[in-house]
Structure formats: structure tokens, C-alpha cells
Amino acid sequence: MPRTPDTLRVRPFRLADAEVIAPWLSGPGLSVPRAGSRWPERLLQDARIVALVATSGRRRVGFVRLDCGPDGIAEITLVVAPDQRRQGRGRGMFAAALERARRVGMRRIVAWVALGNDAALSFFAEVGFESRGVHGDRLRMERLVHAGGHLPPLDVGV
């Protein structure tokens, strides 16, 4: 059973976070930043990108990125530090990303998950994503931003 995570805080990404986060991006289905690339600067300069870092105490424990399109669809990348997985941190990070997606006007979030990444497939299904088909070696999963878990729409009695 996963333990209850310590207090999780989510804050905007900073350049100083890049060195810690880069190694986490080498997992299945993720893009490892090329040496010498300016990916951290791009995260900060591109207004369409929301990049957040999760911390517990003074330690960085996760990273989440939303690439927000003009069509109201955001692609999500969510990575938990390897030694922090299976402790509920991803859920807290996703909740913060979902709230940010609402604030910037996104309607839908898309996750591209490697077919062999069972942990990620399960995670995204548990937080309300649904399969939208296989493309190459990845599954496209989507969820509405306004959806509250798996709750039905509110009946206002009209």
C-alpha cells in the first residue's frame, strides 16, 4: 500500500531545476534532453508551456509540463522522481496541472503513453483519461479538463 506523501507543493519551473529533472526524462516514452540543448530556457520563454516542479520539503520530487495549444488541447508530460514513485505524488501533481489547465482555458488534456509503460497507463486511467487509439508504439489517452474524476455531470434540475 502506498504511504501518504509528505506535504507536496507545486511551483513554477526554474532554470536551477533542469539539472535535477533531466535524468528523470530518460524513462519509457519520454524525450531525453540533448546535451547542450536550451530546453530549460524554452520552458520559461514559451508562453504556451506551463512547466511545474513538485517539491516535498526542499527536495524536488516531480515535474509536470503542459504544452497548451490554441485549440484548447494541452499535451501533458508528468514525471515523478524514481525513488518517489507509488507514493501518491503523481496524483497531487496531476491535480495541480489540471487546475492550471482550467485557469489557462484548456478544454482537454492528452497524454501519449508508451504501450509497455503499465504504471503510466494505469495512472492516467485512474485519473480519468480514456484511450483514444494506438499510434505507433504509444497510446493516446484523453480527458476533459472540467471532468471531476469519474463523476457524472451535475444535474441542476432544469
Side-chain angles (χ1 to χ4, degrees), residues 1-2 5 8-13 17-18 21-34 37-40 42-54 60-156 158:
M1 172 179 275
L8 185 73
R9 298 196 189 283
V10 179
R11 62 161 171 77
F13 172 84
D17 298 319
I21 291 166
W24 304 345
L25 299 175
S26 63
L30 296 171
S31 299
V32 179
R34 291 183 317 268
S37 72
R38 297 183 46 88
W39 69 270
R42 182 170 172 257
L43 293 181
L44 295 170
Q45 294 168 353
D46 192 331
R48 298 168 300 176
I49 296 174
V50 174
L52 306 168
V53 172
R60 296 171 193 100
V61 298
F63 171 74
V64 63
R65 169 183 167 159
L66 295 171
D67 290 340
C68 302
D71 56 359
I73 298 173
E75 288 189 20
I76 188 169
T77 300
L78 189 147
V79 182
V80 177
D83 67 336
Q84 297 292 307
R85 294 179 182 156
R86 305 264 190 226
Q87 298 179 30
R89 303 217 188 270
R91 286 183 179 277
M93 292 166 51
F94 178 72
L98 185 61
E99 177 56 33
R100 187 62 63 94
R102 283 186 187 112
R103 277 195 268 153
V104 298
M106 295 295 103
R107 298 176 297 108
R108 182 176 305 275
I109 299 177
V110 173
W112 291 93
V113 184
L115 291 173
N117 191 343
D118 294 335
L121 292 167
S122 177
F123 170 81
F124 282 111
E126 288 172 12
V127 295
F129 282 73
E130 296 178 355
S131 172
R132 293 293 185 245
V134 176
H135 301 270
D137 63 347
R138 295 178 185 225
L139 178 66
R140 179 184 171 107
M141 299 182 81
E142 296 183 9
R143 104 162 240 160
L144 295 174
V145 169
H146 72 273
H150 297 285
L151 300 175
L154 178 64
D155 180 3
V156 293
V158 176

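Just so it is clear, the structure is predicted and the values come from calculations on it, not from any experiment.
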Handout entry: Least distance between heavy atoms, Leu66 atom then Ala97 atom
Key = CD1-O, 3.5 Å
Completion exercise
Here the gap from Arg60 atom CZ to Arg11 atom CZ, rounded to the nearest 0.5 Å, amounts to 6.0 Å
Exercise for the section: Determine the minimum heavy-atom distance between Arg108 and Val145, stating which atoms define it. Expected result: N-CG2, 3.5 Å
Handout entry: Which residues share a salt bridge (Lys or Arg N to Asp or Glu O under 4.0 Å) with Arg100, sequence neighbours left out
Key = none
Handout entry: Value rounded to 0.5 Å, distance of CG in Asp67 from CD1 in Ile73
Key = 12.5 Å
Handout entry: Residue list, salt bridge (Lys or Arg N to Asp or Glu O under 4.0 Å) with Arg132, at least two apart or on another chain
Key = Glu130, Glu142
Completion exercise
Taken to the nearest 0.5 Å, the spacing of Leu121 CG from Met141 CE works out to 6.0 Å
Fill in the blank from the handout: In short, Leu139 meets Gly133 closest at the heavy-atom pair CD1-O, 3.5 Å
Problem - Considering all heavy atoms, the nearest Leu8-Ala54 contact - result: CD1-CB, 3.8 Å
Exercise for the section: For the pair Asp17 and Phe63, evaluate side chain to side chain contact (heavy atoms under 4.5 Å, CB included) and give the outcome as yes or no after the intermediate values. Expected result: CA-CA 9 Å; Asp17 298 319; Phe63 171 74; over 6 Å; no
Problem - Intermediate values then yes/no, side chain to side chain contact (heavy atoms under 4.5 Å, CB included), Glu75 and Thr77 - result: CA-CA 7 Å; Glu75 288 189 20; Thr77 300; over 6 Å; no
Problem - Ala101 to Ile109 - nearest heavy-atom pair and separation - result: CB-CD1, 4.1 Å
Handout entry: Distance in Å, Arg143 CZ paired with Phe124 CZ, rounded so as to fall on 0.5 Å steps
Key = 11.0 Å
Exercise for the section: Please name the residue in the list Arg89, Gln87, Arg9 that meets the side-chain contact (heavy atoms from CB on, under 4.5 Å) test with Val61. Expected result: Arg89
Practice task
Please list all pairs passing the ring-ring contact (aromatic ring centres under 6.0 Å, His included) test where one or both residues lie in residues 75-98, with sequence neighbours left out.
Solution key: Phe94-Phe129
Fill in the blank from the handout: Nearest heavy-atom contact between Arg140 and Val110 is NH2-CG2, 3.4 Å
Practice task
List the steps and the verdict of side chain to side chain contact (heavy atoms under 4.5 Å, CB included) for Ile49 and Arg42.
Solution key: CA-CA 9 Å; Ile49 296 174; Arg42 182 170 172 257; 3.8 Å; yes
Exercise for the section: Evaluate the side chain to side chain contact (heavy atoms under 4.5 Å, CB included) criterion for residues Met93 and Val53: first the C-alpha distance (whole Å), next the side-chain angles of each, then the deciding distance (0.1 Å), finally the verdict. Expected result: CA-CA 8 Å; Met93 292 166 51; Val53 172; over 6 Å; no
